[in-house]
Structure formats: C-alpha cells, structure tokens
Amino acid sequence: MLRLIENWIRSAVNETVDKAITRMVRDQYPESLAEMVASTRKVGGVNTLEIAMRAAQGVPVERPLGSPLHLSPWEKLLFSPVHLCRFPTPETVPIATAVTIGRRARRPLTVAIPILIAGMSFGGALSKRAKIALARAATAVGTATNTGEAGLLEEERAAARLLIGQFNRGGWLNDPGRYRRLDAIEIQLGQGAQGSTPQRTSARRIGPDFRAAFGLAEGQDAVIHSRLPGVDTPEAFIRLVRRLRAETGVPVGVKLAATHHLERELAVAPEAGVDFVTVDGAEGGTHGSSPTLQDDVGLPTLYAVARARDYLARQMATGDVSLIAAGGLITPGQMLKAMALGADAVYTGTAAVMAMVGDQATEAVPFEPPTSLVVYTGKMTDKLDVDRAARNLQRFLNACVTEMETVAVTLGRTALADIGRSDLCALDPVLARATGVQLGLVSPDEQRRLFPELFPDLPQPDRAELPELPPEGPAPLQPVH
C-alpha cells in the first residue's frame with residue numbers, strides 16, 4: 001500500500017511539474033510565471049519583499065539585524081604566516097588574550113578576551129531572558145556586555161560581572177544613581193544601522209518591566225532623540241565627559257556611527273579626555289530600522305577602523321584612547337583583522353544573538369522566525385532556555401578566541417594585541433593604500449616600483465637603478481653557508 005501511495009505521489013508531482021514547465025516556456029512573459037524569475041533577478045529578492053511590504057503598509061520597513069550588504073571587503077585581507085623570517089610560536093607558549101580599556105581611568109576595564117557583547121537594549125530590542133543570557137555568557141568568559149540604549153535592568157546588572165552602560169539619547173541611564181553602578185560608560189551619539197536618527201517605542205508595546213527599568217510613566221512612549229539631551233555644542237560634550245570621568249572613575253567613551261566625517265567627529269575626543277572610542281560601521285545590526293538607513297548611510301567598518309586608528313596615531317593618542325570596532329563583525333577572522341588594523345577590542349551583536357539561539361531555533365521554526373525567541377515583542381520569548389542560551393554563547397566566544405589564538409601561533413605572535421598591519425597583506429591595490437597594508441600581489445619592493453601613485457608616502461627607489469626582472473623570473477635562492 002505504501003508503495004502504491006508513493007508511486008501515486010511521484011506521478012502527480014511529475015505531471016504537475018511537467019505542465020508548469022511546459023506552460024512557462026510556451027507562454028510569453030506577460031502571461032507566464034517566468035516573469036517573476038526575471039523581475040526578481042533584476043530587483044533582488046530582498047528588495048522585492050520590501051517593496052511589497054511598503055506597498056501593503058504605507059510605512060517604512062523595519063528590517064532586523066542590519067543590512068544584508070557586505071560593504072567591508074574583509075576577504076581581501078589575508079594574514080601572513082611565518083616559517084623562517086620569523087618562527088611560529090611554540091605550541092607550549094600561551095597566547096595572551098586580555099585587553100585593558102581606558103588605561104588612564106582610575107578603574108580601568110580589563111577583559112579576558114577582546115570580544116565584547118554589543119549594545120542591544122532591553123525592551124527596545126531584546127527580552128529580559130535574552131539580556132540575562134548575554135550577561136551570564138559574558139561573565140563566564142571574562143568579558144563585558146553592554147546595556148544598549150536602555151535603563152538599568154537589575155537582572156542584567158546582577159548577572160554581569162562587567163557591564164558597560166550607554167549614556168543614551170533617551171536619557172534612561174543618565175542619572176548618577178544608575179551610571180555610577182557601571183564598569184564603563186559609553187556615551188551613545190549614534191549607531192551604524194541608524195546613524196543619529198530618532199526612534200520611538202509606543203506605550204502600547206511597553207510592559208511593566210520595561211517601564212520600571214526605563215522609569216516611564218503609564219502611557220508614556222519611549223523616545224530616543226537625534227541629539228543627546230543637553231549636548232548641543234562640542235564644549236557641552238567635553239564638559240559631560242570630564243564630569244562623568246571625575247564622578248565615576250570608570251572609563252568613559254563615545255560611540256559614533258562611522259562616517260566620512262570621522263576625523264572631524266573624533267577631533268573633540270582627545271580634548272574631552274575620552275578613554276575609548278567605539279566606531280560602529282555601516283554593517284552594524286539593530287532590532288529594526290529602515291533599509292535605507294542600513295544600506296545607504298554610513299561608512300563600512302573596515303575603512304572606519306583604519307581611519308580612526310590613523311587619526312588617533314597622528315594625535316599621539318593611541319596609548320591613551322582605546323579603539324573598539326563594531327558593525328557586522330561575524331567571524332573570528334573578521335574580528336582579528338579589525339584588531340590587526342588597530343582596534344583594541346571588538347563588539348559582536350548579531351553573531352552573539354544567533355549563537356545564543358543556536359539549537360533552540362527549532363522551538364520557533366517553521367512558523368515563527370528564530371528572533372521571536374529573543375526580541376522583546378517576540379511571541380515566544382518565554383520559550384528561551386536562559387541557561388542553554390548562555391552556554392551556547394559561551395562556547396561560541398571560546399571557539400572564536402581559540403581560532404584567533406591559532407592564527408597568532410602561525411604569525412609568530414604571543415599576544416593577540418601584538419598582531420598588526422604588518423601581519424596582513426591586501427589583494428587589492430586601493431584597499432592596500434586605504435589601510436596601510438602591504439599589497440600581496442607583488443613583493444614589497446616591487447609594489448613601490450609598480451604602484452608609486454598608491455604609496456606616495458613610501459620612499460621610491462630610483463627606477464634607473466632597478467634592473468628589470470628576467471623573463472624567466474627572479475634568480476634562484478643561493479644556499480646559506
């Protein structure tokens with residue numbers, strides 16, 4: 001009987017597919033479903049869906065987790081292992097992974113690994129259970145988690161040994177009774193997925209726990225302004241930083257959406273005395289913002305990190321001001337490349353959420369997306385197993401750091417902090433010039449000769465003194481005696 005049913009199903013499916021294909025190839029495009037293939041290919045699958053959403057709802061689309069575009073060409077930067085010019089690190093030598101942020105502060109922030117949990121707010125983004133899981137995982141591996149633009153969630157503070165809090169544009173963490181309980185303060189002026197745009201959460205979407213953490217009255221919306229309240233001039237920002245540093249003794253930093261105006265934005269930082277700068281690239285994630293803000297605004301993370309480090313170096317501030325990279329850093333390789341370009345530490349958000357959900361996604365799919373387990377407004381937040389989520393993220397972070405350590409070994413380095421631009425090569429001349437990384441297509445001497453316009457700051461050899469390479473290539477190496 002089962003065989004008969006199977007044969008019937010196979011026959012029915014085969015006949016249906018045959019008729020569909022025949023219809024598609026015989027009919028002209030205006031009368032064929034094949035038209036959808038061509039139009040979707042032109043417009044793009046994501047754009048096709050978002051066009052339909054705008055048409056149906058008449059309001060901007062709120063896309064979660066940031067842009068699907070890959071703007072930073074991390075794959076065009078590669079690490080250079082060593083064999084004889086420098087020897088690999090012996091496997092018995094431990095690799096140092098700890099990072100201290102804000103060395104000048106009275107109470108610097110030292111984390112055991114250079115990966116921090118990015119700012120994702122309770123209520124505005126994640127559920128209480130998700131925030132507790134993030135905090136527990138961060139504590140287990142010795143790193144810090146970030147409140148995001150929110151109030152102080154007591155359960156998060158209790159679960160996190162190290163908590164970075166955002167002095168934010170909503171004002172919910174901006175009173176001394178709250179920010180004095182933090183291990184570092186990050187003044188949030190913008191983020192990669194939204195720039196400095198205002199945001200509003202309607203009171204009807206705010207539950208009692210949300211109102212309590214944010215200090216909101218019944219029926220009051222939660223509003224994030226485009227500007228930090230009371231900070232309308234560079235001088236006001238400088239006064240704020242100095243006051244927070246004096247009051248708390250913890251590192252005080254600033255978070256910026258990466259922008260082509262980056263150097264002008266950073267010019268205020270050294271004068272203000274900030275302990276760290278967080279640069280959030282255009283690939284940064286968020287609970288929800290419009291596709292236009294995500295796809296068409298900002299500066300890619302890779303270039304932002306390189307430019308920020310160069311600027312701080314020119315200001316001779318690299319020892320005083322820590323640089324934290326954020327925005328679309330998904331893999332350990334991307335994180336380590338950001339550090340090699342000059343970041344002292346990195347934030348990860350989207351990857352952390354995906355790791356946290358991990359094998360629990362089966363609780364939601366196929367009828368709900370996995371994010372319904374972790375976002376504040378999700379339908380299945382009560383299904384998230386907090387302990388399991390924390391263990392998943394803990395294992396993910398440990399695996400990432402272990403992979404970074406293996407790269408350090410093959411580079412001949414004994415600390416992740418020692419990995420720099422000289423350990424990289426670029427596969428694109430423009431990228432090489434933009435980042436200060438040597439071009440891997442030819443030897444260092446040859447790139448100066450062949451691409452002088454890309455490396456004007458390097459001393460150029462006299463072309464008359466450089467013999468042309470013979471057609472068969474360079475002479476063979478001579479034995480060393």
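Please read these numbers as outputs of a predicted model, since none were measured by experiment.
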Give the ring-plane orientation class for Phe122 versus Tyr376, where under 30° counts as parallel, over 60° as perpendicular and anything between as tilted. perpendicular
Heavy-atom pair of closest approach, residues [X] and [Y]:
X	Y	answer
Val279	Ala304	CG1-CB, 3.5 Å
Pro251	Ala105	N-CB, 3.7 Å
Met339	Val346	CG-CG1, 4.1 Å
Val305	Ala325	CG2-CB, 3.5 Å
Ala352	Ile117	CB-CD1, 4.3 Å
Ala184	Phe276	CB-CE2, 4.4 Å

[X] side-chain N/O to [Y] backbone N/O, donor-acceptor pair under 3.5 Å:
X	Y	answer
Ser443	Glu446	yes
Asp344	Leu323	yes
Lys337	Trp74	yes
Thr301	Gly327	yes
Arg242	Gly273	no
Ser372	Met380	no
Asp320	Ala317	no
Thr278	Ile324	no
Thr97	Ala112	yes
Asn174	Asn168	yes

[atom2] on [Y] to [atom1] on [X], rounded to 0.5 Å:
X	Y	atom1	atom2	value
Leu427	Leu77	CG	CG	7.5 Å
Tyr347	Glu186	OH	CD	3.5 Å
Ile330	Glu283	CD1	CD	9.5 Å
Met404	Ile419	CE	CD1	8.5 Å
Leu302	Arg307	CG	CZ	12.0 Å
Leu262	Asp310	CG	CG	10.5 Å

Taking the side chain as every heavy atom from C-beta outward, state whether [X] and [Y] have any atom pair closer than 4.5 Å.
X	Y	result
Phe237	Leu189	yes
Trp172	Ile224	yes
Ile185	Leu173	no
Val401	Ile95	no
Phe214	Gln220	no
Gln360	Leu384	yes
Leu116	Thr143	yes
Leu182	Thr248	no

With sequence neighbours left out, what residues match Asp428 under salt bridge (charged side-chain N to carboxylate O under 4.0 Å, His left out)? none
Full working for side-chain contact (heavy atoms from CB on, under 4.5 Å) between Tyr303 and Leu431: CA-CA 9 Å; Tyr303 302 107; Leu431 181 62; 3.8 Å; yes
Should Gln188 and Thr147 be marked as a side-chain contact (heavy atoms from CB on, under 4.5 Å) after you check the CA-CA gap, both sets of side-chain angles, and the distance that decides it? CA-CA 11 Å; Gln188 211 272 21; Thr147 64; over 6 Å; no
Intermediate values then yes/no, salt bridge (charged side-chain N to carboxylate O under 4.0 Å, His left out), Glu247 and Arg180: CA-CA 8 Å; Glu247 284 185 21; Arg180 284 178 177 169; 3.5 Å; yes
For atom [atom1] of [X], decide whether the heavy atoms of other residues, nucleotides or ligands shown that lie under 6.0 angstrom number more than 12.
X	atom1	value
Arg205	CZ	no
Arg264	CZ	no
Arg200	CZ	no

Decide yes or no on side-chain contact (heavy atoms from CB on, under 4.5 Å) for Leu240 and Phe167, but give the supporting numbers first. CA-CA 10 Å; Leu240 172 64; Phe167 193 97; 3.8 Å; yes
Please determine whether side-chain contact (heavy atoms from CB on, under 4.5 Å) holds for the pair Leu134 and Leu393, giving the CA-CA distance in whole Å, both sets of side-chain angles, and the decisive distance to 0.1 Å. CA-CA 7 Å; Leu134 290 173; Leu393 180 53; 3.5 Å; yes
Quick test of your reading of the model: are [X] and [Y] salt-bridged, counting only N-O distances below 4.0 Å?
X	Y	result
Arg106	Asp275	no
Arg157	Asp183	yes
Arg413	Asp418	no
Arg169	Glu149	yes

Show the numbers, then the answer: is there a salt bridge (charged side-chain N to carboxylate O under 4.0 Å, His left out) between Arg181 and Glu154? CA-CA 11 Å; Arg181 298 175 60 192; Glu154 291 296 337; 2.8 Å; yes
If a pair satisfies side chain to side chain donor-acceptor pair (under 3.5 Å) and one of its residues is in residues 380-392, list it, with sequence neighbours excluded. Arg136-Asp387, Asp359-Arg388, Asp359-Asn392, Asn392-Arg395
If we ignore angles and hydrogens, is there a donor and acceptor under 3.5 Å between the side chains of Glu265 and Thr259? no
